[in-house]
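The structure displayed is predicted, hence computed values, not measured ones.
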Amino acid sequence: MTKKILIEEIVSIYNIEITFLDSLEECGLLSTNTENEKKYISLDDIPDLERFVNWHYDLEVNIPGLEIINNLLKKIESLEEEKKLLMSQIGY
């Protein structure tokens, strides 16, 4: 069973707006689960959420900017993994 936290608790803990979380969910940066008419997120998603909160509130990056940064970071990680694989294949 995946551990989860209620969205309302997230809003209180991080002192953020629920509309921000709704925007993250709408653009696919955050996934939620609904049980008994209450929304939850997985505790595994907290590091990503914290990163988005910092970028948005501290650096004033808007939602489209968050999407772009997140996509670029994923591409970098993918390229780094591919590089490691290729380097191991040639003996480095």
Side-chain angles (χ1 to χ4, degrees):
M1 182 172 156
T2 304
K3 294 188 178 192
K4 60 192 179 227
I5 185 167
L6 192 62
I7 290 288
E8 285 79 14
E9 290 180 41
I10 297 270
V11 168
S12 175
I13 291 168
Y14 291 96
N15 193 30
I16 58 177
E17 298 130 10
I18 197 146
T19 55
F20 174 66
L21 295 175
D22 291 339
S23 296
L24 291 176
E25 184 179 16
E26 285 174 21
C27 68
L29 291 173
L30 182 69
S31 60
T32 63
N33 298 313
T34 304
E35 291 180 21
N36 300 323
E37 299 182 18
K38 295 187 181 214
K39 281 185 167 183
Y40 297 87
I41 68 165
S42 168
L43 289 181
D44 295 337
D45 293 334
I46 294 295
D48 290 336
L49 174 64
E50 288 178 342
R51 189 169 43 244
F52 298 140
V53 168
N54 288 333
W55 291 343
H56 182 70
Y57 288 96
D58 296 342
L59 301 177
E60 299 180 4
V61 177
N62 61 17
I63 298 297
L66 294 178
E67 288 179 279
I68 291 168
I69 293 167
N70 191 57
N71 288 336
L72 288 172
L73 287 175
K74 283 183 179 181
K75 285 180 184 179
I76 290 170
E77 289 172 8
S78 174
L79 289 170
E80 286 175 347
E81 288 299 316
E82 185 177 346
K83 176 186 167 191
K84 286 179 188 176
L85 176 65
L86 292 171
M87 293 298 275
S88 69
Q89 289 177 347
I90 61 171
Y92 279 95

Just how far is it from atom CZ of Arg51 to atom CG of Asn70, taken to the nearest 0.5 Å?
-> 6.5 Å
To the nearest 0.5 angstrom, please state how far the NZ atom of Lys3 sits from the OG atom of Ser42.
-> 11.0 Å
Got a sec: does the CG of Asn15 have more than 12 other heavy atoms crowding it under 6.0 Å?
-> no
Would you say Leu72 and Val61 are hydrophobically clustered, going by side-chain heavy atoms of ILVMFWY under 4.5 Å?
-> no
Minimum side-chain heavy-atom gap Ile16-Phe52 below 4.5 Å | no
Does any non-hydrogen side-chain atom of Leu29 lie less than 4.5 Å from one of Asp48?
-> no
Indicate yes or no: at least one non-hydrogen side-chain atom of Glu82 is less than 4.5 angstrom from one of Leu86.
-> yes
How about Glu60: does its CD atom have over 12 heavy atoms from other parts shown lying under 6.0 Å from it?
-> no
Worked verdict on Tyr57 versus Tyr14 for ring pair (Phe, Tyr, Trp, His ring centres under 6.0 Å) = CA-CA 11 Å; Tyr57 288 96; Tyr14 291 96; 10.0 Å; no
With the 4.5 Å side-chain cut-off for hydrophobic clustering, are Tyr40 and Leu30 part of the same group?
-> no
Can Leu79 be reached from Ile76 by stepping across I, L, V, M, F, W or Y side chains whose heavy atoms are under 4.5 Å apart?
-> no
CG-CD1 distance between Asn71 and Ile69, expressed to the nearest 0.5 angstrom | 10.5 Å
Are any side-chain N or O atoms of Ser23 and backbone N or O atoms of Thr19, one a donor and one an acceptor, separated by less than 3.5 Å?
-> yes
Are any non-hydrogen side-chain atoms of Leu85 and Glu81 less than 4.5 angstrom apart?
-> no
Are Leu6 and Leu43 connected in a single hydrophobic cluster, I mean Ile/Leu/Val/Met/Phe/Trp/Tyr linked by side-chain heavy atoms less than 4.5 Å apart?
-> no
Look up atom CD in Glu17 and atom NE2 in His56, then write down how far apart they are to the nearest 0.5 Å.
-> 6.5 Å
Verdict with reasoning, Asp45 to Thr32, per side-chain contact (heavy atoms from CB on, under 4.5 Å) | CA-CA 10 Å; Asp45 293 334; Thr32 63; over 6 Å; no
Dump the intermediate steps for side-chain contact (heavy atoms from CB on, under 4.5 Å) on Asp22 and Lys39, then the final yes or no.
-> CA-CA 11 Å; Asp22 291 339; Lys39 281 185 167 183; 4.0 Å; yes
Verify the cluster assignment for Leu49 and Leu59: are they in a single hydrophobic cluster under the rule of side-chain heavy atoms below 4.5 Å apart?
-> yes
Test Ile5 against Ile13 for side-chain contact (heavy atoms from CB on, under 4.5 Å), laying out the working first.
-> CA-CA 11 Å; Ile5 185 167; Ile13 291 168; 3.9 Å; yes
